[in-house]
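Data block below; observations after.
Counting from 1, the numbers follow the sequence of the chain as shown.
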Amino acid sequence: MEGTTATNPPPFLAAMVARMTATTTALCAWATDAPRTLAEVEQQTLAATRGLGNALLAGVCAVLAEAVAPASAPPCACGHPVTARHRRPAQVTTLLGPIVITRPYYSCPQCHQGHAPLDRQLGYRAGSTSAGLDELLALLGATADSFEAASTLLAKLTLVQVCPNLARAATETLGQLLQTTEQQTVVAAWGPGTLPTAVATPPRLCLSMDGVMVHTAEGWREYKLGSVYTTATRPSPTHPGHDEVHAQDVSYVGDVTDAASFGQRLWCEAARRGVLTAQEVVVIADGAHWIWDLAAEHFPGATQIVDWYHASHYVWQAAHAIYGEGTPLAKRWAKRRLAELWAGQVPTVLAALRHHQQRAAAVADALTYYTHHQHRMAYADYRARGLPIGSGTIESGCKQIITARLKQAGMIWSLAGARAVAAVRTWLKSGRWHEAIALRPPPHRTYQRRAA
Ligand SMILES: [Zn+2]
């Protein structure tokens with residue numbers, strides 16, 4: 001039976017051929033009816049193709065529905081065999097527009113629960129969207145400027161019209177699933193001690209953390225983002241003859257949560273990336289206390305590095321306070337201190353600052369900062385070892401994952417919505433889209449009880 005189904009012409013073949021003929025004839029008549037541009041013909045052809053594709057998909061699904069064997073329905077959840085059989089139409093919106101699948105429908109004589117085994121086999125839910133459309137909606141919902149823009153883009157790309165809330169639902173549902181998955185990983189690692197499977201054994205693994213504020217209905221909340229990456233050197237585009245260290249294979253993890261929970265989440269991601277077998281672990285960040293506390297707790301053997309930009313910022317602040325902003329003296333003094341800092345001579349920088357200690361608060365701030373972090377500022381040593389000294393990777397991550405999508409003008413998010421959309425974006429920007437999509441469970445059956 002299976003062997004012949006594939007070779008026999010499908011029952012809707014004649015109808016498809018007739019439709020193709022009619023579509024082609026109508027398209028040619030329309031195109032020659034008046035002067036048309038290629039853009040117009042292109043759009044018209046696209047719409048015609050979409051119509052044919054829709055008919056083809058519906059036809060194939062009808063063949064599948066026909067092929068369901070009468071005895072294939074499993075017993076009802078209540079244990080009673082299902083007997084009554086008839087066909088019922090179910091609508092599903094696909095990448096080729098809405099189609100109706102008239103499939104075998106069973107009902108349980110005992111509890112009157114309805115059953116449509118084909119729905120499970122095809123992995124769709126009546127009245128819902130196909131897995132393909134759902135994926136595209138989530139992708140557009142996470143990457144377009146807004147859910148409205150996502151639905152506009154979808155219509156442009158596929159000619160399928162859906163309301164923006166469908167893009168929101170697809171994106172948030174996926175995001176909640178990813179959050180649950182991440183949470184389960186944490187619970188497994190901290191409870192029974194089931195560690196995430198490491199995908200690599202990198203010689204060096206770098207970690208960065210930062211916070212970025214998101215406007216939610218509950219006020220401005222800090223989204224904590226972590227990045228995990230390896231490094232490689234390449235010729236510097238700005239300094240010919242020099243090499244520069246750059247980040248590669250960057251993955252992200254983040255949430256609006258407390259530092260402790262975030263630390264566990266980041267550790268799991270680091271474990272997945274091979275932190276337990278890495279020969280060298282490096283943490284690069286700005287001076288925020290929670291970051292260094294987490295680094296000490298979760299990555300105790302790591303080399304800690306204060307981001308060069310943040311460190312040099314304090315030199316400039318002090319220089320402006322001592323000699324006046326923009327003055328040649330301020331510039332000269334700052335450049336000397338930066339050269340010392342670059343050479344790893346933090347004690348010399350500290351001595352120069354102490355000389356002006358009474359002058360301004362900015363000098364005192366710089367003194368505190370350099371005193372506190374001097375063991376994280378051995379820049380000459382880091383450069384000699386080929387370590388990155390900038391936290392640009394995490395700052396760019398904050399912009400890519402949060403600012404670009406969640407901080408559009410006037411946006412105020414529900415806290416749950418912001419967390420879910422951000423979760424989708426972390427997986428997407430980590431190159432894990434296919435993994436994220438594969439996590440989706442088969443749709444649940446939600447048939448209503450039929451009246452007795
Ligand atoms: Zn039943």
Nearest 0.5 Å, what's the [atom1]-[atom2] distance between [X] and [Y]?
X: L439; Y: T181; atom1: CG; atom2: OG1; value: 4.5 Å
X: Q279; Y: L205; atom1: CD; atom2: CG; value: 11.5 Å
X: S430; Y: I401; atom1: OG; atom2: CD1; value: 6.0 Å
X: L95; Y: L159; atom1: CG; atom2: CG; value: 11.5 Å
X: E222; Y: T257; atom1: CD; atom2: OG1; value: 10.5 Å
X: H298; Y: D293; atom1: NE2; atom2: CG; value: 10.5 Å

Legend entry - Candidates S146, C163, P164 - the one meeting side-chain contact (heavy atoms from CB on, under 4.5 Å) with S151: P164

Heavy atoms, side chains only, cut-off 4.5 Å: are [X] and [Y] in contact?
X: Y314; Y: R337; result: no
X: V92; Y: I99; result: yes
X: W342; Y: R383; result: yes
X: D210; Y: L225; result: no
X: V63; Y: E66; result: no
X: H215; Y: K407; result: no
X: H80; Y: C111; result: no
X: L294; Y: W267; result: no

What closest approach, in Å, do [X] and [Y] show between heavy atoms, and which atom pair accounts for it?
X: V82; Y: H115; result: CG1-CD2, 3.5 Å
X: W427; Y: E435; result: CZ3-CB, 4.1 Å
X: E182; Y: V253; result: OE1-CG2, 4.1 Å
X: I402; Y: V214; result: CG2-CG2, 3.6 Å
X: V349; Y: L341; result: CG2-N, 4.0 Å
X: A362; Y: Q317; result: CB-O, 3.7 Å

Inset, instruction - Measure the acute angle between the ring planes of W316 and H320, then classify it against the limits of 30° and 60° as parallel, tilted or perpendicular. - result: tilted

Inset, instruction - Fit a plane to each ring of W413 and F147, take the angle between them on a 0 to 90° scale, and name the class: parallel (under 30°), tilted (30 to 60°) or perpendicular (over 60°). - result: perpendicular

Which donor-acceptor pairs under 3.5 Å do the side chains of residues 192-203 make with protein atoms, sequence neighbours left out?
none

Hey, does the side chain of [X] reach the backbone of [Y] with a donor-acceptor pair shorter than 3.5 angstrom?
X: R273; Y: V228; result: yes
X: S312; Y: Y309; result: yes
X: S414; Y: G417; result: yes
X: R440; Y: L174; result: no
X: S208; Y: I284; result: yes
X: S227; Y: Y252; result: no
X: R50; Y: L96; result: yes
X: T173; Y: A170; result: no
X: R405; Y: G141; result: yes
X: R103; Y: A65; result: no

If you count heavy atoms of other groups shown closer than 6.0 angstrom to [atom1] of [X], is the number above 12?
X: R385; atom1: CZ; answer: yes
X: H434; atom1: NE2; answer: no
X: Q248; atom1: CD; answer: yes
X: H355; atom1: NE2; answer: no

Inset, instruction - Check the pair Q176, R419 against side-chain contact (heavy atoms from CB on, under 4.5 Å), reporting the backbone distance first and the verdict last. - result: CA-CA 8 Å; Q176 283 152 10; R419 293 175 65 203; over 6 Å; no

Legend entry - Flag for R204-T231: side-chain donor and acceptor within less than 3.5 Å: yes

Legend entry - D249 side chain to Y229 side chain, donor-acceptor N/O pair below 3.5 angstrom: no

Inset, instruction - Show your working on side-chain contact (heavy atoms from CB on, under 4.5 Å) between V282 and Y382 and close with a plain yes or no. - result: CA-CA 10 Å; V282 184; Y382 306 148; over 6 Å; no

Inset, instruction - Quick one: do L367 and L350 satisfy side-chain contact (heavy atoms from CB on, under 4.5 Å)? Show the steps, please. - result: CA-CA 6 Å; L367 259 175; L350 286 171; 3.7 Å; yes

Inset, instruction - Dump the intermediate steps for side-chain contact (heavy atoms from CB on, under 4.5 Å) on L428 and L139, then the final yes or no. - result: CA-CA 9 Å; L428 180 65; L139 182 61; 3.8 Å; yes

